[in-house]
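Notes follow once the structure below has been shown.
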2 protein chains.
Amino acid sequence: MFIQTVAKQKIPYPMMLRPIGVRTVGHSTKGAVELFGATVPFRRNAEIYGDKEDAEYLYKVVSGSVRTYKVLTDGRRQIGAFYLTGDVFGFEGGDKHTFSAEAVANCLILVIKRRAIVTQASRDLNIARMLWTITAAELQRTQDHVMLLIKTAQERVAGFLLDMAARSPTCDEVELPMPRQDIADYLGLTIETVSRTLTQFENSAMIAIPSARRIAFRNREALSRLRF
Amino acid sequence: MFIQTVAKQKIPYPMMLRPIGVRTVGHSTKGAVELFGATVPFRRNAEIYGDKEDAEYLYKVVSGSVRTYKVLTDGRRQIGAFYLTGDVFGFEGGDKHTFSAEAVANCLILVIKRRAIVTQASRDLNIARMLWTITAAELQRTQDHVMLLIKTAQERVAGFLLDMAARSPTCDEVELPMPRQDIADYLGLTIETVSRTLTQFENSAMIAIPSARRIAFRNREALSRLRF
DNA sequence: CGACCATTTGATATGGATCAAGCGATGTGG
DNA sequence: CCACATCGCTTGATCCATATCAAATGGTCG
């Protein structure tokens, strides 16, 4: 009934699921998050952490991008969020992960011992506030996700594109780091519906699609009207 | 295209939108949340706070129940959460509300100045941790909501019933404080689909419906299998 | 009793899923 | 360098779960 959409399973295990290597960074003074961090590269589709594992680390995207997801028993996959350069992830409040995380493309991830942060937070109110702020931002994002999931396919795709645009450096063109299947699993649609909706937008001159991973905005106004 | 589901608009304004009265509670020593609170009664469907208002207060349900919701420009309403006796709400991280809140039924709400808590938190790490814990619980709940919204109607309704059961004191029967329209707007379904799904469950002897607001479990096992 | 809701039930429509095939880019081996 | 497998994406045809539209039922209160 539902497609098994876990790309991972099509990929030879030892090649994809391991980080490429480890580069220790040590004690940085640049910012609070950087305490005792190590920058670790992950290959495309490599697992960063798994559902139900202990949340031993916090993560910050140095470059590349990351998806978090859950797979239901019947194989349906829901992507919880995409994290781009600069985003922090790996928090879900508790001390167990409730999502799994994978590299969307090859990426560099700053990995910080959670304990280091949490014990620091019990002394330093600024750290405590930072933890709270990150959690609150995550909550906000998740609430927006809920609002997205009750909308029509057009509204979801338009919302997604505008969202990615808002988070990316360039202005009138987005580079999508993830394949269509990831977008579909984030939006609660099928890959076919995502594709069709994009060509629909292209046909009505709202966007151009120079390549599958590049979306250029032609009429952002019209897209925004779809967003609500 | 979409039904206007804002019950509020059908109700004479001055009668429904005001609290019934105010009873000051003063400085309690029972728990951290109770600092400088006042218990305020709200009538059924009365607004507790509005979308985009300053989040000046925090709220705790003393008795009754509360819904938070957003209304899209075209009238679609999404209910974000139901809060039952003992639950804290009115947090969404930032200092503006992103949802509105209404009394589902007549209820008593403990209202606490947010500033009192936040300034307290900047001195007291336990308070700070409590704020974080509440936000994290809210995040967890919202993530579960996302997972619910990608499922089939049967799975959503089954999940909702089991969820309400887990939160209610009684064991093999739930008293639903909210009308079908609220359930529909929480689950991202129509009222007709909710109703049909319930009778379907009744016909397959999973539940009994002695009255519209009472659901008795006959085969919880089978319901759980639908939940995933 | 009769008005008013909330809920259920019935008939039909439809948006998006499913099933299936085609297409274009990338890479690989002969 | 080209034939050809592979993969991600698009396009087409059909189906189905849920929405929509409409009406009946039931419960509550003046």
Side-chain angles (χ1 to χ4, degrees), chain A residues 1-12 16 44-45 74-78 104-105 148-158 176-185 187-203 207-215 226, chain B residues 1-12 15-16 44-45 74-77 104-105 148-158 176-185 187-203 207-215 226:
Chain A
M1 186 179 187
F2 293 98
I3 307 169
Q4 180 78 14
T5 58
V6 187
K8 200 169 61 179
Q9 304 190 337
K10 298 172 188 165
I11 293 153
M16 300 314 296
R44 185 161 73 93
N45 295 329
D74 65 349
R76 274 173 293 175
R77 180 181 69 160
Q78 176 62 36
V104 168
L148 205 66
L149 290 177
I150 64 162
K151 297 183 185 175
T152 65
Q154 287 206 358
E155 290 165 354
R156 295 187 212 193
V157 175
L176 301 174
M178 71 292 286
R180 294 286 186 271
Q181 186 65 64
D182 283 5
I183 300 175
D185 289 347
L187 297 178
L189 299 170
T190 59
I191 183 175
E192 293 95 332
T193 300
V194 171
S195 180
R196 272 186 252 272
T197 306
L198 285 171
T199 49
Q200 219 175 309
F201 287 170
E202 192 179 29
N203 290 339
I207 60 171
I209 314 182
S211 82
R213 297 293 182 95
R214 289 192 161 282
I215 307 289
L226 280 181
Chain B
M1 186 178 187
F2 295 97
I3 306 170
Q4 180 77 13
T5 58
V6 188
K8 200 169 61 179
Q9 302 190 340
K10 298 171 188 165
I11 293 154
M15 182 173 161
M16 301 313 298
R44 186 159 74 93
N45 295 329
D74 64 351
R76 274 174 293 175
R77 180 182 69 159
V104 168
L148 204 66
L149 290 176
I150 63 160
K151 297 182 184 177
T152 65
Q154 288 207 357
E155 291 164 354
R156 294 186 213 193
V157 175
L176 301 174
M178 71 292 286
R180 295 285 186 273
Q181 186 66 65
D182 283 6
I183 300 175
D185 289 348
L187 296 178
L189 299 170
T190 59
I191 184 174
E192 292 95 333
T193 299
V194 171
S195 180
R196 272 187 251 272
T197 305
L198 285 171
T199 50
Q200 218 176 309
F201 287 170
E202 192 180 29
N203 291 338
I207 61 170
I209 314 182
S211 83
R213 297 294 181 93
R214 289 192 159 282
I215 307 289
L226 280 180

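By convention in this document, chain letters (A, B, ...) are assigned in the order of the sequence lines, proteins followed by strands, and residues within each chain are numbered from 1. Keep in mind that what you see is a predicted model, and the values were worked out from it rather than measured.
Judged as a side chain to side chain donor-acceptor pair (under 3.5 Å), and not counting sequence neighbours, the contacts of B/Arg214 are B/Glu173, B/Glu175. For B/Ser195, there are no side chain to side chain donor-acceptor pair (under 3.5 Å) partners, not counting sequence neighbours.
Remark: the backbone N or O of B/Ala212 is paired with a side-chain donor or acceptor of B/Arg180 at under 3.5 angstrom.
Going from atom CD of B/Glu192 over to atom P of C/dT9 covers 13 Å, rounded to whole Å. B/Asp185 places its CG atom 13 Å from the P atom of C/dA6, with the value rounded to the nearest Å. Remark: P of D/dC7 and CZ of A/Arg180 are 18 Å apart, rounded to the nearest angstrom. When the P atom of C/dG16 is taken as reference, atom CG of A/Leu149 falls 13 Å away, rounded to whole Å.
The side chain of B/Arg213 has C/dT7 as its nearest neighbour among C/dT7, D/dT18, C/dC19. Closest approach to the B/Thr190 side chain among D/dT18, D/dT20, C/dA17 is made by D/dT20 (side chain taken as heavy atoms from C-beta onward). Of the candidate nucleotides D/dC9, C/dG16, D/dT18, D/dT18 has the atom lying nearest to any side-chain atom of B/Thr193.
Scanning atom types as modelled, no donor and acceptor separated by under 3.5 angstrom connect the side chain of A/Gln181 and the base of D/dC9.
Here B/Arg196 does not reach the OP1 or OP2 of C/dT8: none of its side-chain N or O atoms lies under 4.0 Å away.
Minimum interatomic distance between B/Arg77 and B/Asp182 (heavy atoms only, all atoms of both residues): NH2-OD1, 2.7 Å.
Within the nucleic acid shown, B/Thr199 comes within 4.0 Å of sugar-phosphate atoms alone, with no base atom in reach, counting heavy atoms only.
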